[in-house]
Amino acid sequence: MIPAVRGTRDILPGEVERWQLVERVARELCERYGYVEVRTPILEREELFAKGTGETTDIVQKEMYSFVDKGGERVVLRPEATPGVVRAFVEHSLEQALGHGKLYTIGPMFRYERPQKGRYRQFHQLNVESFGVADPAMDVEVIDLAWAIVSALGIRDVSLLVNSVGDRACRPAFTRALLGALGEKVDRLCADCRRRAATNPLRIFDCKVESCQPIIDALPHAVDYLCDACRAHFDAVQRGLDAAGIPFAVSHRLVRGLDYYTRTTFELASGALGAQNALAGGGRYDDLVRQLGGPDRPGV
């Protein structure tokens with residue numbers, strides 16, 4: 001017998017029906033909110049994720065399935081959906097073709113991680129993207145859609161965390177404060193955190209190593225360094241969530257693991273799932289479309 005590759009799994013009869021239910025609920029709600037489906041290739045050029053997700057992220061540095069194909073081109077199995085959807089949005093001028101920029105996609109992603117309960121090397125993701133709207137109401141809409149899907153599926157004990165990581169105007173000041181607060185404490189951090197301190201200090205907040213936690217807990221908070229525009233945006237997001245009746249808490253540690261995020265970040269988790277408790281996450285990325293060769297359009 002030749003078994004399945006480590007970190008992958010078969011979805012068998014008896015279980016596949018539950019997957020179909022989740023997909024059906026997700027599609028119905030996405031379309032009710034005005035999103036239309038796009039299906040992008042599993043195989044993409046490596047540079048798309050190096051440039052989009054970020055060369056200093058753990059995904060690009062350690063987790064991507066990358067190889068040289070028979071034509072000599074460096075390609076990857078997609079580790080996440082957003083850069084591929086942005087590429088399709090730009091390449092096919094979907095802003096003009098559709099008259100709006102609200103897209104969703106469902107499919108498998110691939111990351112070379114240590115397999116454990118609730119975490120596989122091939123995993124499946126629902127992804128929504130909204131392009132062209134800078135208003136914080138769009139941040140609220142995307143969060144509201146995630147909340148609606150989770151609620152419709154009857155998932156229990158759900159909590160929402162939000163944060164703001166600022167933008168190009170105010171993030172440099174926060175980064176300087178972060179490095180200043182770390183000072184000589186860098187030498188007491190784990191190897192990954194020492195690397196992150198030199199390449200992208202915000203990623204330190206992603207660390208789960210126990211010995212690093214007291215140092216991380218004492219670091220400055222991004223929300224204390226927001227410029228006036230980012231502060232107004234984040235305040236409006238919080239007011240919008242209150243108006244939508246969605247309970248939330250602000251978490252200064254929620255920076256997400258991807259370089260393209262600006263301003264709002266969010267994560268939904270369930271206390272019923274154990275250690276791997278994340279259900280959904282995302283945020284705003286106002287520079288990514290331009291960085292990948294498209295027009296200067298904000299995104300969430």
Do Glu129 and Tyr285 meet the criterion of a side-chain donor-acceptor pair at a distance under 3.5 Å?
yes
Exercise: identify the closest heavy-atom pair between Leu126 and Ile149
CD2-CD1, 3.6 Å
Hey, are the side chains of Leu288 and Thr82 touching, using non-hydrogen atoms and a 4.5 Å cut-off?
yes
Quick one: ring-ring contact (aromatic ring centres under 6.0 Å, His included) partners of Phe110, sequence neighbours excluded?
none
Heavy-atom neighbours of Arg39 CZ exceed 12 at 6.0 Å
no
Correct closest heavy-atom pair for Phe205 and His252 would be CE2-CD2, 4.0 Å
Output the distance between atom CD1 (Ile143) and atom CD (Glu267), rounded to the nearest 0.5 Å.
12.0 Å
Counting heavy atoms not belonging to Tyr112, are there more than 12 under 6.0 Å from its OH?
no
Would you say CD of Glu47 has more than 12 non-hydrogen atoms from neighbouring residues, nucleotides or ligands within 6.0 angstrom?
no
Could you tell me whether a side-chain N or O of Arg194 sits under 3.5 Å from a main-chain N or O of Leu189, the two making a donor and an acceptor?
yes
Cation-pi geometry met for Arg78 and Phe49 (6.0 Å, 45°):
no
Are Leu292 and Val76 connected, step by step, through hydrophobic side chains (Ile, Leu, Val, Met, Phe, Trp, Tyr) whose heavy atoms are closer than 4.5 Å?
yes
Indicate yes or no for a side-chain donor-acceptor contact from Thr265 to the backbone of Ser164 under 3.5 Å, with no hydrogens or angles considered.
no
Minimum heavy-atom distance Pro247-Gly245, with the two atoms named
CD-O, 3.5 Å
Could you tell me which non-hydrogen atom of Ser130 sits nearest to which non-hydrogen atom of Tyr35, and how far apart they are?
CB-OH, 3.9 Å
We want to know whether His221 and Asn163 form a side-chain donor-acceptor pair, criterion being a heavy-atom distance below 3.5 angstrom.
no
Keeping Lys51 on the side-chain end and Gln291 on the backbone end, is there a donor-acceptor pair under 3.5 Å?
yes
Shortest non-hydrogen contact between Glu17 and Pro13, atoms and distance
OE1-C, 3.9 Å
Result for side chain to side chain contact (heavy atoms under 4.5 Å, CB included) between Phe174 and one of Val165, Val223, Leu202 points to Leu202
Rounded to the nearest 0.5 Å, how far apart are CD of Glu15 and CG of Leu12?
7.0 Å
Side-chain heavy atoms under 4.5 angstrom apart, residues restricted to Ile, Leu, Val, Met, Phe, Trp, Tyr: same cluster for Ile106 and Leu153?
yes
Is there a donor-acceptor pair closer than 3.5 Å between any side-chain N or O of Glu37 and the backbone N or O of Glu31?
no
So Trp19 and His124, would you call those rings parallel, tilted or perpendicular, with 30° and 60° as cut-offs?
perpendicular
Can you name the closest pair of heavy atoms from Leu160 and Leu268 and give their distance?
CD1-CD1, 3.4 Å
If the condition is salt bridge (Lys or Arg N to Asp or Glu O under 4.0 Å), which residues does Glu23 pass it with, not counting sequence neighbours?
none
Hey, could you give me the CG/CZ distance between Asp69 and Arg45, rounded to the nearest 0.5 Å?
9.5 Å
Taking atom types as modelled, find out whether Gln122 and Arg111 have a side-chain donor-acceptor pair closer than 3.5 angstrom.
no
